[in-house]
Amino acid sequence: MYKMICLDLDGTLLKSDKTIDEMTIKTLNDLSDEGIRVVIATGRHYDFAKQLTNSLTDDRIIISNNGAAVFEVKTNTSILTDYIDNEIAGRIVNTAKNHGLSALVYVDVLRAGSDLFVFEGHNIDGFENTIVRDKNRIRIIAHEREIDNCFSIVFSGSTDELSKLEAAVNLEYSGKVCTHIMSSMYSQHGILEIMNQGVDKWSAISHFAEYSNIDKKSIIAFGDEVNDISMISNSGLGIAMKNALPEVKRVADFITATSNDDFGVYNTLSDIFKFKEL
């Protein structure tokens, strides 16, 4: 019997227009009413993930920043937070400057009152949409010493630039932070994210499962990107979306018959829980 459903957002639960279809909303809310925990596991920050899923049950859990934090929506409190050391975070930002890259620093909104720190006067190419969308939740800072309660540091650039920075960070901070680059097969640009060592979606899911006394074999996980591999490969039932990357499909137990734009989550849950499919 499955007791927890973990869902990535972009490319999985969300359609391309960043909405959730009504059938999936009803299904997840009905399953929640039956005692199955609905967990959003995303790279997005807490407040925006909460906003994108506001049609879902108030009992949902949000794992934000790729596993750096676990939040209970109903009480608006954190169950787990895993911060990068402040000094290391500041030094990484300085290392990036030497590579010609500027940082977005994602922080704990419940402690900092903001989701995002941006450095005064720094170039923010590649993050224009983020800056416009989150302008009311951004704090402009002047110095690395102001970094505190940092979940992740994110950079945008060419895959070549990001790979060089990633190598430099891993060389200097081996065992202290973890890194991953997300890029499209159709573009030479990507995003580098740096988090505390050991942080990923599965580590956060495991923590919440233990906190909730749920066996890991009773967990279903849906995803489509490289940051979903840890939860898909370790859950009791790991499901890759039809639109997932090949490396994600390789570790999955099951691949959805339809994509995120065509009721992929709903149709698969229909099969698992034996109710009528679309």
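What you see is a predicted model; the values in this text were computed from it and never measured. The first residue in the sequence is number 1, and the count goes up from there.
- For the side chain to side chain donor-acceptor pair (under 3.5 Å) condition, the pairs that include at least one residue of residues 208-224, sequence neighbours left out, are T12-D224.
- With rounding to the nearest 0.5 angstrom, the OG atom of S156 is 9.0 Å from the CD atom of E161.
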Chi angles and distances behind the side-chain hydrogen bond (donor to acceptor under 3.5 Å, both in side chains) call for E72, T75: CA-CA 6 Å; E72 186 176 61; T75 60; 2.7 Å; yes
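- Environment of NZ in K15: crowded, with over 12 heavy atoms of neighbouring residues, nucleotides or ligands closer than 6.0 Å.
- Judged as a side chain to side chain contact (heavy atoms under 4.5 Å, CB included), and not counting sequence neighbours, the contacts of D148 are N86.
- Side-chain atoms of N65 do not come within 3.5 Å of backbone N or O of G67 as any donor-acceptor pair.
- When the side chain to side chain donor-acceptor pair (under 3.5 Å) test is applied to S78, no partner is found at least two apart in sequence or on another chain.
- Between N227 atom CG and I181 atom CD1 the span is 13.5 Å, to the nearest 0.5 Å.
- Side-chain atoms of T256 come within 3.5 Å of backbone atoms of K242 as a donor-acceptor pair (strictly under, hydrogens ignored).
- Hydrophobic clustering of Ile, Leu, Val, Met, Phe, Trp and Tyr side chains at less than 4.5 Å, counting indirect connections, unites V265 with I62.
- Remark: side-chain polar atoms of R37 are paired, donor with acceptor, to backbone N or O of D59 under 3.5 angstrom.
- At most 12 heavy atoms of other shown residues, nucleotides or ligands fall within 6.0 angstrom of atom NZ in K3.
- Counting heavy atoms from C-beta on, the side chains of V93 and I147 come closer than 4.5 Å.
- Two residues are said to be in side-chain contact when any heavy atoms from C-beta on lie closer than 4.5 Å; L192 and V154 fail this criterion.
- One finds the CD1 atom of I219 at 5.5 Å from the SG atom of C6 (value rounded to the nearest 0.5 Å).
- In this structure, CE on M231 lies 12.0 Å from OG on S203, to the nearest 0.5 angstrom.
- Note: F222 CZ to T268 OG1 = 5.0 Å, rounded to the nearest 0.5 Å.
- Between F71 and F151, the ring-plane angle classifies as perpendicular under the 30° and 60° cut-offs.
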Criterion side-chain hydrogen bond (donor to acceptor under 3.5 Å, both in side chains) on T179 and N170, from CA distance to verdict: CA-CA 8 Å; T179 65; N170 285 333; 3.3 Å; yes
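- A salt bridge is absent between D85 and K176; no separation between the charged side-chain nitrogens and carboxylate oxygens falls under 4.0 Å.
- Within the 3.5 Å criterion, the main-chain N or O of Y83 finds a donor-acceptor partner in the side chain of N196.
- The minimum heavy-atom distance between A103 and I153, with the atom names listed, is CB-CG2, 3.7 Å.
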Would you please test S158 and D160 for side-chain hydrogen bond (donor to acceptor under 3.5 Å, both in side chains) and show each step? CA-CA 5 Å; S158 71; D160 182 57; 5.1 Å; no
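- In the displayed structure, K164 atom NZ is contacted under 6.0 Å by at most 12 heavy atoms of other residues, nucleotides or ligands.
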Test side-chain contact (heavy atoms from CB on, under 4.5 Å) on V107 and L116; report intermediate values, then the result. CA-CA 6 Å; V107 297; L116 186 59; over 6 Å; no
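- Contact annotation: the side chain of V39 approaches that of I63 to within less than 4.5 Å [non-hydrogen atoms, C-beta and beyond].
- One distance of note links CD1 of I5 with OG of S235; it measures 11.5 Å at 0.5 Å rounding.
- Under a hydrophobic clustering in which Ile, Leu, Val, Met, Phe, Trp and Tyr are joined whenever their side-chain heavy atoms come within less than 4.5 Å, directly or via other members, I40 and L269 fall into the same cluster.
- Shown here is E247, whose CD atom has more than 12 heavy atoms of other residues, nucleotides or ligands within 6.0 Å.
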Decide yes or no on side-chain hydrogen bond (donor to acceptor under 3.5 Å, both in side chains) for T81 and D108, but give the supporting numbers first. CA-CA 8 Å; T81 53; D108 188 345; 5.1 Å; no
Derivation and outcome, side-chain contact (heavy atoms from CB on, under 4.5 Å), residues L245 and I229: CA-CA 10 Å; L245 295 176; I229 287 176; over 6 Å; no
